[in-house]
Novice: 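Encoded as structure tokens, here's the structure I'll be asking about.
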Amino acid sequence: MQGIFDREYYTNHGPVVQELEARLEATLGVRHALTVTNATVGLYLVARALGLEGAKVILPAFTFIATAQALSWAGAEVLFCDVDLATHHLSNATLDRALRDDVDAVVGVNLWGGACEAAALGAWAVEHGAEVFFDSAQAFGCTTSDRPIGGFGQAEVFSFHATKVLSATEGGCITTNNDELAERIRNMRSNYGIRSAREVSLTINARMSEAQAAVALLSLEDLAANVSHNVGLRESYHAGLGSVPGLVIRDPVGVVSSNSQYLVCEVDEREFGMSRDVLLRVLAAEGVAARRYHYPGVHRTMPYCDGHGPPAMVLAATDELCGKIIQLPVGARVGTDDVARISAVIEAAHAFGPTLRAEVEGTSAGHARMHGADRPD
Ligand SMILES: Cc1ncc(COP(=O)(O)O)c(C=O)c1O
């Protein structure tokens with residue numbers, strides 16, 4: 001940060017951004033790491049650089065809303081598929097079930113520090129003449145049995161938002177091994193800092209600033225310690241919650257090492273004794289910031305659903321997961337003592353289920369209004 005002030009050079013692909021890109025390329029083993037101002041804009045740029053305006057792009061509805069919104073901003077026609085209940089990720093079977101027509105591209109979303117089956121997805125895409133790229137916003141620092149996430153498909157997009165294991169406060173990065181695609185994206189990302197000129201129809205300001213890059217470099221220093229801290233928290237949650245009926249921790253799938261930046265549980269209402277939403281309110285009352293990320297399925301949000309009547313497509317697994325997933329706190333500011341306390345609250349919630357439920361359900365309408373229950377999260 002001091003160097004930035006000394007140089008008085010704050011943006012436009014300066015030395016700190018260049019250093020960060022070189023470090024990311026080395027860490028992820030990719031030819032190009034293109035920093036951007038956030039992952040949403042990164043996804044937008046990839047879609048535009050692949051020429052997907054007007055194209056049919058299929059993606060899972062069980063994702064953060066930004067995946068679909070970025071494609072819509074890019075002018076693509078968004079089609080949704082379901083996910084596999086066991087893995088939470090799309091699969092070739094869920095893609096086949098959703099297919100009504102030709103598709104031009106498929107977006108694999110790597111959730112919860114896990115990954116979809118990239119090789120199988122690649123084969124599906126070849127068979128259908130479709131491009132494939134990945135929303136890896138949640139997957140920085142994860143490795144499959146083959147290689148680090150970052151080198152699959154035409155491109156992958158990471159988020160360096162403050163909530164992520166690698167933070168630039170806001171930020172993101174597109175990785176690709178396709179030289180031509182990288183040059184097109186460099187030309188679109190900014191009017192500055194291009195290596196060689198390409199003719200592109202639109203440019204945008206998606207630059208990462210020097211200050212963002214400096215924070216990301218500092219965060220990179222802490223990455224290994226933060227990941228191992230998260231792994232420790234995961235073990236503590238398993239120890240604390242392993243015997244609670246109706247609550248199952250879902251560990252990351254499809255990777256040999258995960259950033260463990262999410263702790264995802266499924267709540268089975270009947271077995272646990274209360275719904276996920278009632279449990280959330282019990283936890284909130286105890287000062288625990290648990291979330292129902294992702295909710296609702298993106299197919300149930302505007303502009304993909306007009307909000308009146310059922311959506312065009314029934315995505316049963318997505319709806320089921322959106323109704324029962326709960327994210328428990330992890331990260332550098334959470335300690336194993338917090339995990340023990342959170343686990344004790346959850347155990348007590350199970351033990352006193354009927355009493356708590358009666359109390360909470362008595363005021364549910366007021367609570368829904370207060371918390372803007374119709375907003376996606
Ligand atoms: C799956 C997924 N895609 C996209 C994004 C958007 O990332 P950003 O906030 O950097 O735009 C997120 C952010 O949490 C995400 O989880």
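Just so it is clear, the model here is predicted, and its values are computed rather than measured. In what follows, residues are counted from 1 in the order of the sequence shown. Remember, it's 1-based here, ligands and their atoms both numbered in the order they're listed.
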Novice: Does the Lys NZ or Arg CZ of R292 fall within the cation-pi geometry relative to Y295 - under 6.0 Å from the ring centre and within 45° of the axis?
Specialist: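 Output yes; distance and angle both within limits.
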Novice: Remaining members of F134's ILVMFWY cluster at a side-chain heavy-atom cut-off under 4.5 Å?
Specialist: I58, L79, L90, L95, L99, V103, V106, L121, W124, V132, F152
Novice: Measure from the ring center of W112 to the ring center of H294 and say whether it is less than 6.0 Å.
Specialist: yes
Novice: Quick one: are the ring centres of F272 and H350 less than 6.0 Å apart?
Specialist: yes
Novice: Show the protein residues that qualify under the rule heavy atom under 4.0 Å from an atom of ligand 1, listing them in chain and number order.
Specialist: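 These residues qualify: N38, A39, T40, T63, F64, A66, T67, D135, A137, Q138, S159, K164, G171, Y293.
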Novice: Quiz question: by atom type and distance under 3.5 Å, do the side chains of T35 and E21 form a donor-acceptor pair?
Specialist: yes
Novice: Could you please spell out the steps behind the salt bridge (Lys or Arg N to Asp or Glu O under 4.0 Å) verdict for D102 and K56?
Specialist: CA-CA 8 Å; D102 288 347; K56 292 187 168 77; over 6 Å; no
